[in-house]
**Student:** 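Have a look at this one.
All ligand and atom numbering here is 1-based and tracks the order in the structure.
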Amino acid sequence: MQFKPIEQSFAVNFNYSLHFTNEVFGSSNSLFAEIIKSYKPNNQVKLLFVIDDGVLRNHSYLLENIKSYCLNYSKQLIFTESLLIPGGEAAKNNYDNVNSIIGAIDKNAICRHSFIVVIGGGAVIDMAGYAASIAHRGVKLIRIPTTVLSQNDAAIGVKNGINAHGKKNFIGTFATPYAVINDQKFLTTLEQRDWIAGVAEAIKVALIKDKSFFTEIKKNAVLLKERNMEAMLHSIYRCAEMHMDHIAQNGDPFENGSSRPLDFGHWSAHKLEQMSNYTMRHGEAVAKGMAIDLTYACILEYISSDVLDEILGVLINIGFDLSIPVSGNKEMNELLNGIEEFREHLGGELTITMINEIGQKFDIHEINLELMTDAINSLNKKFKINAA
Ligand SMILES: NC(=O)c1ccc[n+]([C@@H]2O[C@H](COP(=O)([O-])OP(=O)(O)OC[C@H]3O[C@@H](n4cnc5c(N)ncnc54)[C@H](O)[C@@H]3O)[C@@H](O)[C@H]2O)c1
Ligand SMILES: [Zn+2]
(Lines give C-alpha, C1' and ligand atoms only; values in the text may rest on other atoms or scores of the structure.)
(Ligands and ions follow the chains in the order given, each with its own letter.)
Protein backbone atom coordinates (compact mmCIF):
# COMPACT_ATOMS: atom_id res chain seq x y z
CA MET A 1 0.00 0.00 0.00
CA GLN A 2 1.40 3.40 -0.97
CA PHE A 3 0.19 6.60 0.61
CA LYS A 4 0.85 9.93 -1.02
CA PRO A 5 1.76 12.77 1.34
CA ILE A 6 -1.10 14.79 2.77
CA GLU A 7 -0.27 18.41 2.15
CA GLN A 8 -0.97 20.90 4.90
CA SER A 9 -1.08 24.65 4.48
CA PHE A 10 -2.72 27.47 6.36
CA ALA A 11 -2.04 31.09 7.12
CA VAL A 12 -2.53 32.88 10.42
CA ASN A 13 -2.89 36.62 10.74
CA PHE A 14 -1.07 38.29 13.62
CA ASN A 15 -2.32 41.66 14.83
CA TYR A 16 -1.32 43.79 17.76
CA SER A 17 -1.09 47.47 18.56
CA LEU A 18 1.51 49.62 20.23
CA HIS A 19 -0.16 52.31 22.36
CA PHE A 20 1.35 55.47 23.82
CA THR A 21 0.21 56.94 27.12
CA ASN A 22 1.20 58.62 30.37
CA GLU A 23 0.51 56.93 33.73
CA VAL A 24 -1.17 53.83 32.40
CA PHE A 25 -2.62 52.90 35.82
CA GLY A 26 -3.71 56.43 36.70
CA SER A 27 -7.35 56.31 37.87
CA SER A 28 -8.66 58.36 34.96
CA ASN A 29 -6.72 56.49 32.26
CA SER A 30 -9.09 53.96 30.69
CA LEU A 31 -6.67 52.70 28.00
CA PHE A 32 -5.63 49.49 29.77
CA ALA A 33 -9.23 48.54 30.67
CA GLU A 34 -10.31 49.24 27.11
CA ILE A 35 -7.62 46.98 25.70
CA ILE A 36 -8.79 44.12 27.93
CA LYS A 37 -12.40 44.91 27.08
CA SER A 38 -11.57 44.62 23.38
CA TYR A 39 -10.75 40.98 24.06
CA LYS A 40 -13.79 40.10 26.17
CA PRO A 41 -16.40 42.87 26.09
CA ASN A 42 -18.81 41.17 28.50
CA ASN A 43 -16.61 39.16 30.85
CA GLN A 44 -14.04 39.66 33.54
CA VAL A 45 -10.48 38.68 32.65
CA LYS A 46 -7.84 37.44 35.08
CA LEU A 47 -4.53 39.29 35.16
CA LEU A 48 -1.19 38.08 36.51
CA PHE A 49 1.34 40.90 36.82
CA VAL A 50 5.11 40.43 36.45
CA ILE A 51 7.07 43.50 37.54
CA ASP A 52 10.74 44.45 37.19
CA ASP A 53 12.01 45.27 40.70
CA GLY A 54 13.98 48.25 39.32
CA VAL A 55 10.68 49.75 38.22
CA LEU A 56 8.97 49.20 41.56
CA ARG A 57 11.95 50.66 43.42
CA ASN A 58 11.54 53.88 41.48
CA HIS A 59 7.73 53.87 41.29
CA SER A 60 6.76 52.59 44.74
CA TYR A 61 3.10 53.59 44.26
CA LEU A 62 2.76 51.24 41.26
CA LEU A 63 1.39 48.14 42.96
CA GLU A 64 -1.24 50.08 44.91
CA ASN A 65 -2.23 51.89 41.71
CA ILE A 66 -2.60 48.61 39.84
CA LYS A 67 -4.77 47.10 42.57
CA SER A 68 -7.07 50.10 42.86
CA TYR A 69 -7.21 50.35 39.04
CA CYS A 70 -8.39 46.73 38.86
CA LEU A 71 -11.03 47.45 41.52
CA ASN A 72 -12.08 50.56 39.64
CA TYR A 73 -12.56 48.57 36.44
CA SER A 74 -13.76 45.41 38.17
CA LYS A 75 -16.30 44.73 35.43
CA GLN A 76 -13.32 43.87 33.21
CA LEU A 77 -10.34 43.15 35.42
CA ILE A 78 -9.47 40.62 38.10
CA PHE A 79 -6.09 41.12 39.79
CA THR A 80 -4.68 37.74 40.85
CA GLU A 81 -1.06 38.21 41.92
CA SER A 82 2.04 40.23 41.16
CA LEU A 83 5.51 38.70 40.90
CA LEU A 84 8.59 40.80 41.44
CA ILE A 85 11.58 39.87 39.24
CA PRO A 86 15.14 41.18 39.67
CA GLY A 87 15.62 43.57 36.75
CA GLY A 88 18.35 43.60 34.15
CA GLU A 89 20.05 40.69 32.40
CA ALA A 90 19.89 38.63 35.63
CA ALA A 91 16.22 38.09 34.74
CA LYS A 92 17.27 36.19 31.61
CA ASN A 93 20.17 34.33 33.20
CA ASN A 94 18.15 32.45 35.80
CA TYR A 95 15.62 29.83 34.76
CA ASP A 96 14.01 30.04 38.21
CA ASN A 97 12.30 33.22 37.03
CA VAL A 98 10.58 31.32 34.22
CA ASN A 99 9.55 28.62 36.66
CA SER A 100 8.13 31.10 39.14
CA ILE A 101 5.92 32.63 36.44
CA ILE A 102 4.76 29.22 35.28
CA GLY A 103 4.10 28.28 38.92
CA ALA A 104 2.00 31.41 39.41
CA ILE A 105 0.11 30.68 36.19
CA ASP A 106 -0.77 27.28 37.63
CA LYS A 107 -1.57 28.54 41.14
CA ASN A 108 -3.86 31.31 39.91
CA ALA A 109 -5.51 29.16 37.24
CA ILE A 110 -4.41 31.54 34.50
CA CYS A 111 -5.64 30.09 31.19
CA ARG A 112 -5.33 31.07 27.54
CA HIS A 113 -8.19 33.51 28.09
CA SER A 114 -6.34 35.29 30.87
CA PHE A 115 -3.43 37.73 30.56
CA ILE A 116 0.10 38.03 31.82
CA VAL A 117 0.96 41.72 32.13
CA VAL A 118 4.70 42.34 32.24
CA ILE A 119 6.05 45.73 33.31
CA GLY A 120 9.77 46.27 32.98
CA GLY A 121 12.91 46.61 30.93
CA GLY A 122 13.67 44.50 27.88
CA ALA A 123 15.26 41.71 29.92
CA VAL A 124 12.27 41.07 32.20
CA ILE A 125 9.97 41.43 29.19
CA ASP A 126 11.98 38.90 27.12
CA MET A 127 11.94 36.40 30.00
CA ALA A 128 8.26 36.82 30.94
CA GLY A 129 7.28 36.65 27.27
CA TYR A 130 9.06 33.34 27.00
CA ALA A 131 7.31 31.95 30.10
CA ALA A 132 3.92 33.17 28.84
CA SER A 133 4.48 31.64 25.42
CA ILE A 134 5.23 28.14 26.74
CA ALA A 135 2.65 27.85 29.55
CA HIS A 136 -0.50 26.24 28.14
CA ARG A 137 1.29 26.60 24.76
CA GLY A 138 0.70 30.34 24.95
CA VAL A 139 -1.00 32.63 27.45
CA LYS A 140 -1.92 36.12 26.26
CA LEU A 141 0.62 38.80 27.02
CA ILE A 142 0.49 42.54 27.45
CA ARG A 143 3.88 44.20 27.53
CA ILE A 144 4.40 47.50 29.33
CA PRO A 145 8.04 48.40 28.60
CA THR A 146 9.71 50.86 30.94
CA THR A 147 13.08 51.67 29.33
CA VAL A 148 13.86 53.54 26.13
CA LEU A 149 15.32 50.41 24.55
CA SER A 150 12.31 48.27 25.40
CA GLN A 151 9.87 50.94 24.21
CA ASN A 152 11.59 51.44 20.86
CA ASP A 153 12.78 47.88 20.16
CA ALA A 154 12.80 44.98 22.64
CA ALA A 155 9.12 44.92 23.62
CA ILE A 156 7.45 45.75 20.34
CA GLY A 157 8.41 42.72 18.27
CA VAL A 158 7.83 38.99 18.16
CA LYS A 159 10.84 37.55 20.00
CA ASN A 160 11.02 36.26 23.57
CA GLY A 161 13.91 34.54 25.25
CA ILE A 162 16.42 33.82 27.94
CA ASN A 163 20.16 33.20 27.98
CA ALA A 164 21.71 29.72 28.35
CA HIS A 165 25.03 27.94 27.75
CA GLY A 166 26.76 31.31 28.03
CA LYS A 167 24.89 32.59 24.98
CA LYS A 168 22.38 35.39 24.62
CA ASN A 169 18.83 34.38 23.73
CA PHE A 170 19.80 30.71 23.33
CA ILE A 171 16.33 29.59 24.44
CA GLY A 172 13.29 31.41 23.18
CA THR A 173 10.16 31.63 21.10
CA PHE A 174 8.57 33.71 18.42
CA ALA A 175 5.24 34.80 19.88
CA THR A 176 3.33 38.03 19.40
CA PRO A 177 1.91 40.04 22.30
CA TYR A 178 -1.78 40.91 22.57
CA ALA A 179 -0.80 44.58 22.92
CA VAL A 180 2.11 46.80 23.95
CA ILE A 181 1.69 49.97 26.00
CA ASN A 182 4.49 52.56 26.11
CA ASP A 183 4.07 54.71 29.22
CA GLN A 184 6.35 57.77 29.17
CA LYS A 185 6.11 58.27 32.95
CA PHE A 186 8.42 55.31 33.53
CA LEU A 187 11.20 56.89 31.48
CA THR A 188 11.66 59.74 33.96
CA THR A 189 13.41 57.51 36.50
CA LEU A 190 15.91 55.77 34.22
CA GLU A 191 19.60 55.95 35.04
CA GLN A 192 21.41 58.05 32.45
CA ARG A 193 22.99 54.95 30.89
CA ASP A 194 19.53 53.39 30.37
CA TRP A 195 18.16 56.67 29.08
CA ILE A 196 20.71 56.77 26.25
CA ALA A 197 21.19 53.02 25.67
CA GLY A 198 18.02 52.72 23.59
CA VAL A 199 19.11 55.52 21.29
CA ALA A 200 21.69 53.09 19.87
CA GLU A 201 18.83 51.02 18.41
CA ALA A 202 17.28 54.15 16.90
CA ILE A 203 20.61 55.03 15.26
CA LYS A 204 20.89 51.43 14.06
CA VAL A 205 17.56 51.41 12.29
CA ALA A 206 18.20 54.90 10.86
CA LEU A 207 21.60 53.83 9.49
CA ILE A 208 20.18 50.82 7.65
CA LYS A 209 16.93 52.38 6.46
CA ASP A 210 16.34 56.10 6.82
CA LYS A 211 18.86 58.88 6.33
CA SER A 212 16.40 61.60 7.37
CA PHE A 213 15.85 59.88 10.73
CA PHE A 214 19.62 59.78 11.22
CA THR A 215 19.84 63.50 10.40
CA GLU A 216 17.14 64.19 12.98
CA ILE A 217 18.96 62.17 15.66
CA LYS A 218 22.19 63.99 14.77
CA LYS A 219 20.47 67.35 15.13
CA ASN A 220 18.90 66.33 18.46
CA ALA A 221 21.95 64.54 19.88
CA VAL A 222 22.50 66.99 22.73
CA LEU A 223 18.77 67.28 23.52
CA LEU A 224 18.61 63.50 23.69
CA LYS A 225 21.64 63.33 25.94
CA GLU A 226 20.22 66.03 28.21
CA ARG A 227 16.95 64.16 28.75
CA ASN A 228 14.64 66.25 26.63
CA MET A 229 11.43 64.18 26.80
CA GLU A 230 9.90 65.48 23.61
CA ALA A 231 12.98 64.65 21.53
CA MET A 232 13.16 61.21 23.14
CA LEU A 233 9.48 60.40 22.60
CA HIS A 234 9.80 61.39 18.97
CA SER A 235 12.81 59.16 18.50
CA ILE A 236 11.11 56.25 20.31
CA TYR A 237 8.02 56.60 18.10
CA ARG A 238 9.93 56.62 14.81
CA CYS A 239 12.26 53.81 15.88
CA ALA A 240 9.36 51.60 17.02
CA GLU A 241 7.44 52.35 13.85
CA MET A 242 10.41 51.34 11.68
CA HIS A 243 11.03 48.13 13.64
CA MET A 244 7.37 47.11 13.45
CA ASP A 245 7.21 47.99 9.80
CA HIS A 246 10.29 45.88 9.10
CA ILE A 247 8.86 42.86 10.95
CA ALA A 248 5.57 43.07 9.04
CA GLN A 249 6.83 44.09 5.60
CA ASN A 250 10.15 42.37 5.16
CA GLY A 251 8.60 38.96 4.53
CA ASP A 252 10.43 37.11 7.32
CA PRO A 253 8.87 37.94 10.71
CA PHE A 254 9.97 34.66 12.27
CA GLU A 255 13.48 34.78 10.80
CA ASN A 256 13.52 31.72 8.58
CA GLY A 257 16.14 33.25 6.31
CA SER A 258 19.71 34.16 7.11
CA SER A 259 19.55 37.92 6.73
CA ARG A 260 18.74 39.94 9.81
CA PRO A 261 19.28 43.63 9.09
CA LEU A 262 17.83 44.75 12.44
CA ASP A 263 20.85 43.03 13.97
CA PHE A 264 23.30 45.47 12.37
CA GLY A 265 26.24 45.71 14.78
CA HIS A 266 24.89 42.88 16.89
CA TRP A 267 27.30 39.99 16.29
CA SER A 268 29.87 41.69 18.51
CA ALA A 269 27.27 43.37 20.74
CA HIS A 270 25.91 40.06 21.98
CA LYS A 271 29.43 38.74 22.53
CA LEU A 272 30.57 41.90 24.35
CA GLU A 273 27.56 41.70 26.68
CA GLN A 274 28.40 38.11 27.51
CA MET A 275 32.14 38.82 27.90
CA SER A 276 31.33 41.66 30.31
CA ASN A 277 29.34 39.21 32.41
CA TYR A 278 26.30 41.24 31.41
CA THR A 279 27.48 44.38 33.18
CA MET A 280 27.33 46.11 29.79
CA ARG A 281 23.84 47.14 28.70
CA HIS A 282 22.54 45.81 25.39
CA GLY A 283 22.29 49.33 23.95
CA GLU A 284 25.83 50.21 25.09
CA ALA A 285 27.08 47.06 23.37
CA VAL A 286 25.13 47.85 20.20
CA ALA A 287 26.80 51.29 20.02
CA LYS A 288 30.22 49.62 20.27
CA GLY A 289 29.16 46.87 17.83
CA MET A 290 28.09 49.39 15.22
CA ALA A 291 31.32 51.32 15.70
CA ILE A 292 33.25 48.09 15.01
CA ASP A 293 31.32 47.19 11.85
CA LEU A 294 31.37 50.77 10.56
CA THR A 295 35.14 50.95 11.04
CA TYR A 296 35.46 47.64 9.19
CA ALA A 297 33.22 49.04 6.44
CA CYS A 298 35.53 52.04 6.21
CA ILE A 299 38.66 49.87 5.96
CA LEU A 300 37.02 48.02 3.05
CA GLU A 301 35.97 51.39 1.55
CA TYR A 302 32.25 50.63 1.70
CA ILE A 303 31.92 54.01 3.46
CA SER A 304 34.25 57.00 3.50
CA SER A 305 36.17 58.11 6.59
CA ASP A 306 34.00 61.26 6.62
CA VAL A 307 30.85 59.19 6.96
CA LEU A 308 32.50 57.03 9.61
CA ASP A 309 33.54 60.08 11.63
CA GLU A 310 30.09 61.64 11.25
CA ILE A 311 28.36 58.56 12.69
CA LEU A 312 30.90 57.97 15.47
CA GLY A 313 30.59 61.67 16.34
CA VAL A 314 26.83 61.35 16.84
CA LEU A 315 27.30 58.30 19.08
CA ILE A 316 29.89 60.17 21.14
CA ASN A 317 27.69 63.30 21.39
CA ILE A 318 24.88 61.20 22.79
CA GLY A 319 27.24 59.89 25.42
CA PHE A 320 28.35 56.44 24.27
CA ASP A 321 31.77 55.04 25.12
CA LEU A 322 33.07 53.47 21.91
CA SER A 323 36.15 51.75 23.31
CA ILE A 324 36.15 47.97 22.98
CA PRO A 325 37.12 46.16 26.18
CA VAL A 326 39.43 43.49 24.78
CA SER A 327 42.99 43.18 25.98
CA GLY A 328 45.28 40.62 24.42
CA ASN A 329 44.81 38.02 21.70
CA LYS A 330 42.75 35.67 23.81
CA GLU A 331 39.99 38.19 24.36
CA MET A 332 40.22 39.39 20.78
CA ASN A 333 39.70 35.82 19.55
CA GLU A 334 36.85 35.32 21.98
CA LEU A 335 35.17 38.43 20.62
CA LEU A 336 35.72 37.32 17.02
CA ASN A 337 34.09 33.98 17.89
CA GLY A 338 30.93 36.05 18.13
CA ILE A 339 30.78 35.96 14.32
CA GLU A 340 30.36 32.18 14.22
CA GLU A 341 27.98 32.22 17.20
CA PHE A 342 25.88 34.80 15.40
CA ARG A 343 25.78 32.61 12.27
CA GLU A 344 24.90 29.53 14.29
CA HIS A 345 22.03 31.25 16.11
CA LEU A 346 20.33 32.06 12.84
CA GLY A 347 21.54 29.05 10.89
CA GLY A 348 22.57 28.90 7.24
CA GLU A 349 25.05 31.14 5.53
CA LEU A 350 26.88 33.85 7.50
CA THR A 351 25.07 37.08 6.74
CA ILE A 352 26.24 40.35 8.25
CA THR A 353 24.54 43.63 7.46
CA MET A 354 26.75 46.52 6.37
CA ILE A 355 25.97 49.97 5.03
CA ASN A 356 27.45 51.70 2.00
CA GLU A 357 25.87 55.03 2.85
CA ILE A 358 23.71 56.33 5.66
CA GLY A 359 20.28 54.74 5.23
CA GLN A 360 21.50 52.11 2.75
CA LYS A 361 22.20 48.54 3.86
CA PHE A 362 23.58 45.50 2.10
CA ASP A 363 24.66 42.00 3.17
CA ILE A 364 28.11 40.48 3.25
CA HIS A 365 28.82 36.76 3.74
CA GLU A 366 32.44 36.76 4.74
CA ILE A 367 34.47 38.59 7.34
CA ASN A 368 38.23 39.05 7.01
CA LEU A 369 39.32 38.40 10.60
CA GLU A 370 42.61 40.28 10.23
CA LEU A 371 40.86 43.39 8.98
CA MET A 372 38.21 43.05 11.67
CA THR A 373 40.99 42.91 14.25
CA ASP A 374 42.45 46.06 12.68
CA ALA A 375 39.04 47.72 12.93
CA ILE A 376 38.75 46.94 16.64
CA ASN A 377 42.32 48.05 17.34
CA SER A 378 41.87 51.25 15.40
CA LEU A 379 38.75 52.10 17.40
CA ASN A 380 40.63 51.54 20.63
CA LYS A 381 43.45 53.73 19.36
CA LYS A 382 40.95 56.45 18.53
CA PHE A 383 39.30 56.18 21.92
CA LYS A 384 42.56 55.76 23.85
CA ILE A 385 42.40 52.18 25.08
CA ASN A 386 45.42 49.86 24.91
CA ALA A 387 45.09 47.89 21.70
CA ALA A 388 45.40 44.11 21.56
N1 LIG B 1 13.12 40.58 22.05
C2 LIG B 1 13.73 41.45 21.28
O3 LIG B 1 13.41 41.60 20.10
C4 LIG B 1 14.85 42.30 21.85
C5 LIG B 1 15.38 43.35 21.08
C6 LIG B 1 16.38 44.16 21.65
C7 LIG B 1 16.86 43.88 22.93
N8 LIG B 1 16.32 42.83 23.63
C9 LIG B 1 16.81 42.53 24.99
O10 LIG B 1 16.45 43.58 25.87
C11 LIG B 1 17.34 43.55 26.99
C12 LIG B 1 17.82 44.93 27.35
O13 LIG B 1 16.72 45.68 27.77
P14 LIG B 1 16.87 47.11 28.45
O15 LIG B 1 17.84 47.93 27.71
O16 LIG B 1 15.48 47.60 28.62
O17 LIG B 1 17.59 46.85 29.83
P18 LIG B 1 17.24 45.95 31.09
O19 LIG B 1 15.94 45.25 30.93
O20 LIG B 1 18.45 45.12 31.30
O21 LIG B 1 17.06 47.03 32.25
C22 LIG B 1 18.14 47.81 32.68
C23 LIG B 1 17.93 48.29 34.12
O24 LIG B 1 16.90 49.27 34.18
C25 LIG B 1 16.03 49.01 35.28
N26 LIG B 1 14.77 49.67 34.95
C27 LIG B 1 13.81 49.27 34.08
N28 LIG B 1 12.86 50.21 33.98
C29 LIG B 1 13.21 51.22 34.80
C30 LIG B 1 12.63 52.48 35.10
N31 LIG B 1 11.52 52.90 34.51
N32 LIG B 1 13.26 53.28 35.98
C33 LIG B 1 14.42 52.90 36.56
N34 LIG B 1 15.02 51.72 36.30
C35 LIG B 1 14.42 50.89 35.42
C36 LIG B 1 16.01 47.51 35.37
O37 LIG B 1 15.63 47.06 36.66
C38 LIG B 1 17.49 47.19 35.08
O39 LIG B 1 18.25 47.29 36.25
C40 LIG B 1 18.49 42.63 26.59
O41 LIG B 1 18.34 41.39 27.23
C42 LIG B 1 18.30 42.45 25.10
O43 LIG B 1 18.81 41.23 24.64
C44 LIG B 1 15.33 42.05 23.11
ZN1 LIG C 1 19.42 45.09 19.78
Side-chain angles (χ1 to χ4, degrees), residues 23-24 50-60 62 84-93 97 118-130 133 141 143-163 167-177 180 182-205 208 236 239-240 243-244 246-247 253-255 260-274 276 278-290 342 345 353:
E23 294 200 56
V24 61
V50 178
I51 305 178
D52 184 319
D53 73 348
V55 177
L56 200 63
R57 240 192 337 270
N58 287 281
H59 301 265
S60 49
L62 183 62
L84 210 54
I85 304 286
E89 207 64 23
K92 289 171 70 169
N93 282 331
N97 293 322
V118 55
I119 305 172
V124 170
I125 285 191
D126 266 5
M127 183 281 296
Y130 172 63
S133 72
L141 177 72
R143 303 185 186 134
I144 304 183
T146 58
T147 62
V148 171
L149 191 135
S150 55
Q151 293 196 357
N152 73 5
D153 182 348
I156 58 164
V158 297
K159 295 192 270 184
N160 310 284
I162 56 171
N163 307 327
K167 290 172 185 154
K168 286 270 298 180
N169 307 325
F170 191 79
I171 297 177
T173 53
F174 290 101
T176 54
V180 187
N182 277 0
D183 180 345
Q184 67 181 80
K185 174 83 187 284
F186 289 119
L187 304 179
T188 56
T189 56
L190 290 172
E191 276 182 45
Q192 181 64 11
R193 64 186 296 203
D194 290 307
W195 172 266
I196 63 164
V199 182
E201 300 282 12
I203 293 175
K204 169 202 77 182
V205 78
I208 59 171
I236 288 173
C239 179
H243 273 87
M244 287 175 72
H246 180 91
I247 293 166
F254 298 148
E255 297 179 355
R260 202 164 51 168
L262 292 177
D263 274 355
F264 174 54
H266 277 55
W267 71 262
S268 55
H270 286 159
K271 195 70 201 173
L272 286 167
E273 282 179 80
Q274 181 235 317
S276 79
Y278 299 106
T279 54
M280 197 184 287
R281 295 285 199 262
H282 179 70
E284 292 167 342
V286 170
K288 290 178 197 285
M290 287 191 294
F342 184 79
H345 185 61
T353 298

**Student:** Report, in ascending order of atom number, the atoms of ligand 1 lying under 4.0 Å from any heavy atom of D153.
**Tutor:**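 Counting atoms of ligand 1 from 1, those under 4.0 Å from D153 are 5 (C), 6 (C).
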
**Student:** Verify, without hydrogens or angle tests, whether R143 (side chain) and A155 (backbone) share a donor-acceptor contact under 3.5 angstrom.
**Tutor:**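 Yes, the answer is positive, given that a donor and an acceptor are paired below the 3.5 Å cut-off.
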
**Student:** What's the spacing between I196 CD1 and L190 CG if we round to 0.5 Å?
**Tutor:** 11.5 Å

**Student:** Near D52, which atoms of ligand 1 are under 4.0 Å from a heavy atom of that residue?
**Tutor:** 27 (C), 36 (C), 37 (O)

**Student:** Would you check if there is a donor-acceptor pair between the side chains of N169 and K92 at a distance under 3.5 Å?
**Tutor:**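 Result is yes, a qualifying pair exists.
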
**Student:** Show your reasoning for whether side chain to side chain contact (heavy atoms under 4.5 Å, CB included) applies to N97 and Y130.
**Tutor:** CA-CA 11 Å; N97 293 322; Y130 172 63; over 6 Å; no

**Student:** Taking the side chain as everything from C-beta on, heavy atoms only, tell me whether V199 gets closer than 4.5 Å to I203.
**Tutor:**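 Counting from C-beta outward, V199 and I203 do come under 4.5 Å.
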
**Student:** Please report whether ligand 1 has a polar contact with E201, defined as an N or O pair separated by less than 3.5 Å (distance criterion only).
**Tutor:**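 N/O-N/O distance under 3.5 Å: no.
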
**Student:** Give the atoms of ligand 1, by number and element, whose distance to some non-hydrogen atom of T189 is under 4.0 Å.
**Tutor:** 30 (C), 31 (N), 32 (N), 33 (C)

**Student:** Write out the residue and atom name of the closest protein heavy atom to atom 29 (C) of ligand 1, then the distance separating them to 0.1 Å.
**Tutor:**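 Of every protein heavy atom, L190 CD2, 3.6 Å lies nearest to atom 29 (C) of ligand 1.
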
**Student:** Give the contacting part of K168 toward ligand 1: side chain, backbone, both or neither, where contact means a heavy-atom distance below 4.0 Å.
**Tutor:**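 Only the side chain of K168 comes within reach of ligand 1.
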
**Student:** Taking the side chain as C-beta and beyond, is there a heavy-atom pair between V205 and L262 under 4.5 Å?
**Tutor:** yes

**Student:** Within the 4.0 Å heavy-atom shell around V55, which atoms of ligand 1 are there?
**Tutor:** 27 (C), 28 (N), 29 (C)

**Student:** Just so I know, are the side chains of M280 and K288 near enough to count as touching, which here means a heavy-atom distance under 4.5 Å?
**Tutor:** yes

**Student:** Keeping the roles fixed (side chain from S276, backbone from E273), state whether a donor-acceptor pair exists under 3.5 Å.
**Tutor:** yes

**Student:** Which heavy atom of the protein is the closest neighbour of atom 28 (N) of ligand 1, given with residue, atom name and distance?
**Tutor:**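 Looking only at protein heavy atoms, the one closest to atom 28 (N) of ligand 1 is T146 OG1, 2.8 Å.
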
**Student:** Who's the nearest protein heavy-atom neighbour of atom 8 (N) of ligand 1, and how far?
**Tutor:**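 The answer is A154 CB, 3.5 Å.
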
**Student:** Are H282 and E201 packed together at the side-chain level, in the sense that at least one heavy-atom pair is separated by less than 4.5 angstrom?
**Tutor:**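 Sidechains of E201 and H282: in contact.
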
**Student:** Nearest protein heavy-atom contact for atom 24 (O) of ligand 1: which residue, which atom, what distance?
**Tutor:** D194 OD2, 3.6 Å

**Student:** Could you see which bit of E273 sits under 4.0 Å from ligand 1, with heavy atoms only: side chain, backbone, both or neither?
**Tutor:** neither

**Student:** Tell me, which protein residue and heavy-atom name are nearest atom 20 (O) of ligand 1, and how many Å apart are they?
**Tutor:**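 Result: G88 CA, 3.2 Å.
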
**Student:** Looking only at non-hydrogen atoms, find the nearest pair between G157 and P177 and report the distance.
**Tutor:** O-CD, 3.7 Å

**Student:** Using a 4.0 Å cut-off to any heavy atom of E89, which atoms of ligand 1 qualify?
**Tutor:** 20 (O), 40 (C), 41 (O)

**Student:** Would you please test F342 and H266 for ring-ring contact (aromatic ring centres under 6.0 Å, His included) and show each step?
**Tutor:** CA-CA 8 Å; F342 184 79; H266 277 55; 8.0 Å; no

**Student:** Checking N152 side chain against C239 main chain: does a donor-acceptor pair fall under 3.5 Å?
**Tutor:** no

**Student:** Using a 4.0 Å heavy-atom cut-off, say whether L149 meets ligand 1 through its side chain, its backbone, both or neither.
**Tutor:**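 The answer is the side chain.
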
**Student:** Considering only heavy atoms from C-beta outward, does the side chain of K204 approach that of H243 to under 4.5 Å?
**Tutor:** yes

**Student:** With atoms numbered from 1 as shown, which atoms in ligand 1 lie under 4.0 angstrom from a non-hydrogen atom of N58?
**Tutor:**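 The list of qualifying atoms is 33 (C), 34 (N).
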
**Student:** Any N or O on L187 sitting closer than 3.5 Å to an N or O of ligand 1?
**Tutor:** no

**Student:** Got an N/O contact under 3.5 Å between R281 and ligand 1?
**Tutor:** no

**Student:** Would you mind running through ligand 1 and noting each atom that sits below 4.0 Å from a heavy atom of T147?
**Tutor:** 14 (P), 16 (O), 27 (C), 28 (N)

**Student:** Looking only at distance, does E191 have an N or O less than 3.5 Å from an N or O of ligand 1?
**Tutor:**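 Min N/O separation from ligand 1 is not below 3.5 Å for E191.
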
**Student:** Does ligand 1 have a heavy atom under 4.0 Å from the side chain of D126, from its backbone, from both, or from neither?
**Tutor:**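 Only the side chain of D126 comes within reach of ligand 1.
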
**Student:** Counting non-hydrogen protein atoms only, what is the nearest one to atom 31 (N) of ligand 1? Give residue, atom name and distance.
**Tutor:** F186 O, 2.9 Å

**Student:** For V124, is at least one N or O under 3.5 Å away from an N or O on ligand 1?
**Tutor:** no

**Student:** Is E201 close enough to the Zn ion (ligand 2) to have an N, O or S atom under 2.8 Å?
**Tutor:** yes

**Student:** Which one holds for R57 and ligand 1: side chain close, backbone close, both close, or neither close, with close meaning a heavy atom under 4.0 Å?
**Tutor:** neither

**Student:** Should you measure from each heavy atom of G122, which atoms of ligand 1 turn up under 4.0 Å away?
**Tutor:**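 So the atoms of ligand 1 that pass are 10 (O), 11 (C), 13 (O), 14 (P), 16 (O), 19 (O).
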
**Student:** Please report the interatomic distance CD(E89) to CZ(R281), rounded to the nearest 0.5 Å.
**Tutor:**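 If I round to the nearest 0.5 Å, the distance is 9.5 Å.
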
**Student:** First locate atom OG1 of T189, then atom CH2 of W195, and finally report the distance between them rounded to the nearest 0.5 Å.
**Tutor:** 10.5 Å

